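Please read these numbers as outputs of a predicted model, since none were measured by experiment. For ligands, and for the atoms within them, numbers begin at 1 and follow the listed sequence.
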Amino acid sequence: MHAMSRDAAGPWWHGVLYHVYLRSFADSDGDGVGDIRGLIARLDHLAWLGVDGIWVSPVMPSPNDDWGYDVADYCAVAPEYGSLDDVDELVAAAGERGIRVLFDLVPNHSSDRHPWFLASRSSRDDPKRDWYVWRDPKADGSPPNNWVSSFFGSAWKLDDATGQYYLHSFLEAQADLNWWNEQVRAAFDEILRFWFDRGIAGFRIDVVHKMVKDPELRDNPPASESDSFIERVWGQRELHNADQPQNHAVIRRWRTIAEQYPDPRVLVGETYLFDQRRVGAYHGRDDELHLTFNIPFLWSTFEAGAIRDVVDATTAGYPPDAWPVWNGGSHDISRFPTRWCGGDGRKIRLALMLLLTLRGTALLYYGDEIGMGDGAVDPAAARDPLGRRAPRPNAGRDPARTPMQWTAADGAGFTVPGATTWLPIGDAAACNVESQRGDPGSVLSWCWHLIALRRASTDMSGGAMRFVDGTPGGVLAWRRGERTSVALNLSDEAAVIDGVGGAVRAGTRREREGERVEGTLALDPWEGVVLYE
Ligand code: GLC
């Protein structure tokens with residue numbers, strides 16, 4: 001079933017993508033840190049699962065102030081992860097299995113130890129000075145404007161040696177590049193080509209909405225009630241430091257490069273915006289991003305009404321032909337089996353069903369396929385700078401980044417027994433790939449089944465989507481394509497739904513598969529089905 005061509009349904013990136021947080025996926029050399037060779041050794045799992053592409057978190061050399069999102073060399077591989085030869089082997093080995101490899105590109109900022117920044121910082125007259133955003137202090141010595149860092153505090157750091165401030169939208173160690181500078185744009189053109197030439201199928205682009213800043217660096221206004229919760233936390237609306245019109249020109253330029261390859265490369269953006277009309281604009285006229293992250297969905301509650309609202313706002317906000325992305329987790333947020341489902345297996349199965357049956361690309365985070373929840377991380381031992389810098393220090397994003405649970409053995413199959421892992425391993429005895437693979441009733445078997453069904457059905461992979469109205473509260477139902485319906489009961493009450501029917505092709509209660517539903521569909525609490533007429 002998995003070998004079926006995707007052509008009828010659309011390009012490969014309309015399928016199922018899988019986010020490999022490399023540091024925590026598979027460790028081939030026992031140093032407690034995942035690496036490229038470890039990933040290569042686990043490709044068979046991903047091929048069996050049926051994913052079309054993987055997005056690998058940053059592999060480039062980095063001081064790891066923000067775990068790779070602080071790049072010190074954009075055209076190399078960090079030794080702890082492997083080498084360029086390993087990348088070539090990864091691309092080839094994944095390709096043999098029909099899997100494309102996307103890398104993570106971090107263009108908004110580099111590490112303050114990148115040679116570009118070291119040069120830029122060395123003197124006001126350095127040719128690279130203008131590659132970053134430098135400004136004089138105000139008359140009283142304070143920062144040039146009121147912008148705040150996403151990681152708390154002012155977004156400006158005074159460089160004593162040259163007497164100017166530089167901008168850092170995240171950590172001080174992550175200096176913002178100046179995207180008004182043509183040399184910066186040209187340097188990134190070359191970075192894209194460098195990886196595309198090696199067979200990298202595309203990029204997930206970090207904070208893609210932020211790159212170009214207001215040329216006058218005006219103050220942001222205070223946040224108001226109508227702003228996103230994150231802007232209310234920061235106390236200001238991101239009016240001048242995000243989503244500037246010129247951002248789109250940079251992305252169009254990259255799209256032109258991506259289109260120059262015979263198997264056109266794919267641009268996926270981390271569009272961290274809460275208004276889907278603004279996100280939708282990043283698809284351009286099909287000349288900007290191919291895929292955009294749907295942050296309002298990620299932050300939604302797991303309730304029928306809230307999910308319906310987000311899906312409707314996505315449909316309304318995106319251009320008609322744009323293809324949405326659905327993901328329930330990432331390395332930046334609590335895992336959905338914990339956040340949405342509280343570890344309840346029925347809810348975890350429904351959440352996977354939601355991700356894999358909505359019209360759009362399903363983006364799984366490593367471990368989602370086994371319903372892996374957040375790991376326990378002692379805040380005192382947190383590795384995430386965000387947690388350590390918070391007003392009340394906490395484990396930050398670490399619980400979502402603990403090692404993949406492959407087996408119940410010491411080291412969880414992630415690393416060799418006895419190794420010290422960079423983050424603690426979660427409850428691998430209770431939840432791991434190996435034990436779930438042999439169990440037809442497991443979350444993993446369910447996930448595999450949904451992906452297989454999706455690949456075999458043009459309705460499910462490419463069909464138009466329309467909600468069925470008038471369903472009971474707590475229930476969501478929609479039609480996909482010609483003959484497929486999906487119904488989910490996201491409530492503690494049993495429900496009866498009129499107007500959907502057919503044979504049960506997939507059911508969270510697997511024993512229902514094959515049953516014919518005529519006229520009315522009865523669902524238990526937290527039960528879902530896919531029906532085929
Ligand atoms: C993105 C990444 C996050 C990182 C931040 C700064 O949001 O996903 O992990 O900390 O950008 O690069």
### Message
In terms of relative ring orientation, are Tyr366 and Tyr21 parallel, tilted or perpendicular, with 30° and 60° separating the classes?
### Response
parallel
#### Entry: All ring-ring contact (aromatic ring centres under 6.0 Å, His included) counterparts of Trp131, not counting sequence neighbours
Trp116
Could you list the donor-acceptor pairs under 3.5 angstrom formed by side chains in residues 371-379, with sequence neighbours left out?
{"residue": "Asp374", "atom": "OD1", "partner": "Arg335", "partner atom": "N", "Å": "2.7"}
{"residue": "Asp374", "atom": "OD2", "partner": "Ser334", "partner atom": "OG", "Å": "2.7"}
{"residue": "Asp378", "atom": "OD1", "partner": "Ala380", "partner atom": "N", "Å": "3.0"}

#### Entry: Residue list, salt bridge (charged side-chain N to carboxylate O under 4.0 Å, His left out) with Glu303, at least two apart or on another chain
none
### Message
Taking the basic N atoms (NZ, or NE/NH1/NH2) and the acidic carboxylate oxygens, is any pair closer than 4.0 Å for Arg37 and Asp29?
### Response
no
### Query
Given His109 and Tyr132, is the side-chain contact (heavy atoms from CB on, under 4.5 Å) satisfied, shown in steps?
CA-CA 9 Å; His109 46 265; Tyr132 293 83; over 6 Å; no
Report each N/O pair between ligand 1 and the protein that falls under 3.5 Å, naming both atoms.
{"residue": "ligand 1", "atom": "7 (O)", "partner": "Glu270", "partner atom": "OE1", "Å": "3.2"}
{"residue": "ligand 1", "atom": "7 (O)", "partner": "Glu270", "partner atom": "OE2", "Å": "2.8"}
{"residue": "ligand 1", "atom": "8 (O)", "partner": "Arg204", "partner atom": "NH2", "Å": "3.0"}
{"residue": "ligand 1", "atom": "8 (O)", "partner": "His331", "partner atom": "NE2", "Å": "2.9"}
{"residue": "ligand 1", "atom": "8 (O)", "partner": "Asp332", "partner atom": "OD2", "Å": "2.5"}
{"residue": "ligand 1", "atom": "9 (O)", "partner": "His331", "partner atom": "NE2", "Å": "2.9"}
{"residue": "ligand 1", "atom": "9 (O)", "partner": "Asp332", "partner atom": "OD1", "Å": "2.7"}
{"residue": "ligand 1", "atom": "9 (O)", "partner": "Arg397", "partner atom": "NH1", "Å": "3.3"}
{"residue": "ligand 1", "atom": "10 (O)", "partner": "Asp66", "partner atom": "OD1", "Å": "3.4"}
{"residue": "ligand 1", "atom": "10 (O)", "partner": "Asp66", "partner atom": "OD2", "Å": "2.5"}
{"residue": "ligand 1", "atom": "10 (O)", "partner": "Arg397", "partner atom": "NH1", "Å": "3.0"}
{"residue": "ligand 1", "atom": "11 (O)", "partner": "Asp206", "partner atom": "OD1", "Å": "2.9"}
{"residue": "ligand 1", "atom": "11 (O)", "partner": "Asp206", "partner atom": "OD2", "Å": "3.1"}
{"residue": "ligand 1", "atom": "12 (O)", "partner": "His109", "partner atom": "NE2", "Å": "2.9"}
{"residue": "ligand 1", "atom": "12 (O)", "partner": "Asp206", "partner atom": "OD2", "Å": "2.8"}

